Amino acid sequence: MLTQRSRYALRAMLLLARTDREVPLPLSRIAQEAVVPRKFLEIIFGDLKQAGLVVAHRGKTGGYRLARPPHLISFGDIIRVIEGPLALVPCVSRTAYRRCADCADEATCAIRRAMLVVRDDTTRILDGTSLADSVAEDLAAA
């Protein structure tokens with residue numbers, strides 16, 4: 001299940017994707033327009049900045065902007081920063097593999113086989129959906 005923190009991060013990043021990439025948006029404006037509590041957004045943007053998805057600018061005209069063009073930032077990129085691996089169980093994770101403590105045999109585990117399919121499909125969809133794709137869909141629907 002997608003957490004509220006991930007939904008906030010996605011909404012804020014979509015807002016940045018809709019704006020001029022060269023002009024930083026103040027955090028207060030992002031919080032207001034994306035309907036995200038400012039204090040929570042500060043923490044989220046700290047993580048996104050550390051991951052290289054946003055750039056912070058200080059000063060009177062400071063704020064945040066995307067670190068890369070919107071077509072190069074996927075929903076998967078954002079969710080991994082906020083949530084961690086996309087896999088629902090650790091034995092199918094590509095980045096945080098860990099054998100399940102109660103698993104007798106990974107090779108024959110029906111749960112693992114099903115979760116591999118879920119992981120692969122989830123990864124394909126989230127990594128294949130960029131901020132630019134979503135912004136374009138919003139504009140087409142308007």
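Everything numeric here is computed off the predicted structure, so don't read it as measured data.
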Test item: [X] and [Y] side chains (from C-beta on) under 4.5 Å apart, heavy atoms:
X	Y	result
P90	Y97	no
C103	R112	no
Y8	L41	no
R98	S93	no

Review point. Quick one: does R68's side chain have a donor or acceptor within less than 3.5 Å of a partner on I73's backbone?
Key: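 Judged by distance alone, no pair lies under 3.5 Å.
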
Please report the closest heavy-atom contact between [X] and [Y], naming both atoms and the distance.
X	Y	answer
R113	T108	NH1-O, 3.2 Å
L15	A34	CD2-N, 4.3 Å
I30	A12	CG2-CB, 3.8 Å
L14	L131	CD2-CD2, 3.7 Å
G52	A67	O-CB, 3.2 Å

Quick check for you: to the nearest 0.5 Å, what is the distance between [X] atom [atom1] and [Y] atom [atom2]?
X	Y	atom1	atom2	result
L66	E22	CG	CD	10.5 Å
L72	L53	CG	CG	11.0 Å
S6	I44	OG	CD1	8.0 Å
E33	S28	CD	OG	9.5 Å

Check your understanding: If you measure only the distance, is there a donor-acceptor pair under 3.5 Å linking the side chains of Q4 and R7?
Key ->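 Note: Q4 and R7 side chains meet the donor-acceptor criterion.
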
Is there a chain of hydrophobic side chains (I, L, V, M, F, W, Y, each step under 4.5 Å between heavy atoms) that links [X] to [Y]?
X	Y	answer
V92	L126	no
V89	L116	yes
L27	I78	yes
F40	L48	yes

Check your understanding: Are any of the side-chain nitrogens in R94 or D120 under 4.0 Å away from the carboxylate oxygens of its partner?
Key ->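 Between D120 and R94 there is a salt bridge, with a charged N closer than 4.0 Å to a carboxylate O.
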
Review point. After noting the C-alpha distance and the side-chain angles of L2 and L10, does the key distance pass the side-chain contact (heavy atoms from CB on, under 4.5 Å) rule?
Key: CA-CA 11 Å; L2 198 62; L10 289 166; 4.1 Å; yes

With a 6.0 Å cut-off (strictly less than), is the heavy-atom count around [atom1] of [X], excluding the residue itself, greater than 12?
X	atom1	answer
R99	CZ	yes
E83	CD	yes
I111	CD1	no

**Study point:** Partners meeting ring-ring contact (aromatic ring centres under 6.0 Å, His included) with F75 (sequence neighbours left out)
**Key:**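 Counting only residues at least two positions away or on another chain, F75 forms no ring-ring contact (aromatic ring centres under 6.0 Å, His included).
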
**Study point:** Residues in side chain to side chain donor-acceptor pair (under 3.5 Å) contact with H57, at least two apart in sequence or another chain
**Key:**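 Partners of H57 by the side chain to side chain donor-acceptor pair (under 3.5 Å) criterion, ordered by chain and then number, come out as R65.
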
Practice item. Give the C-alpha distance, both sets of side-chain angles, the deciding distance and a yes or no for side-chain contact (heavy atoms from CB on, under 4.5 Å) between M13 and D77. Key: CA-CA 11 Å; M13 292 293 280; D77 295 331; over 6 Å; no

Review point. Can you pull the side-chain hydrogen bond (donor to acceptor under 3.5 Å, both in side chains) pairs that have at least one residue in residues 121-131, sequence neighbours excluded?
Key: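 Residue pairs passing side-chain hydrogen bond (donor to acceptor under 3.5 Å, both in side chains), neighbours aside: R80-D127, S130-D133.
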
Practice item. Start with the C-alpha gap between F45 and V36, add the side-chain angles, then the distance that decides, and say whether side-chain contact (heavy atoms from CB on, under 4.5 Å) holds. Key: CA-CA 12 Å; F45 267 70; V36 178; over 6 Å; no

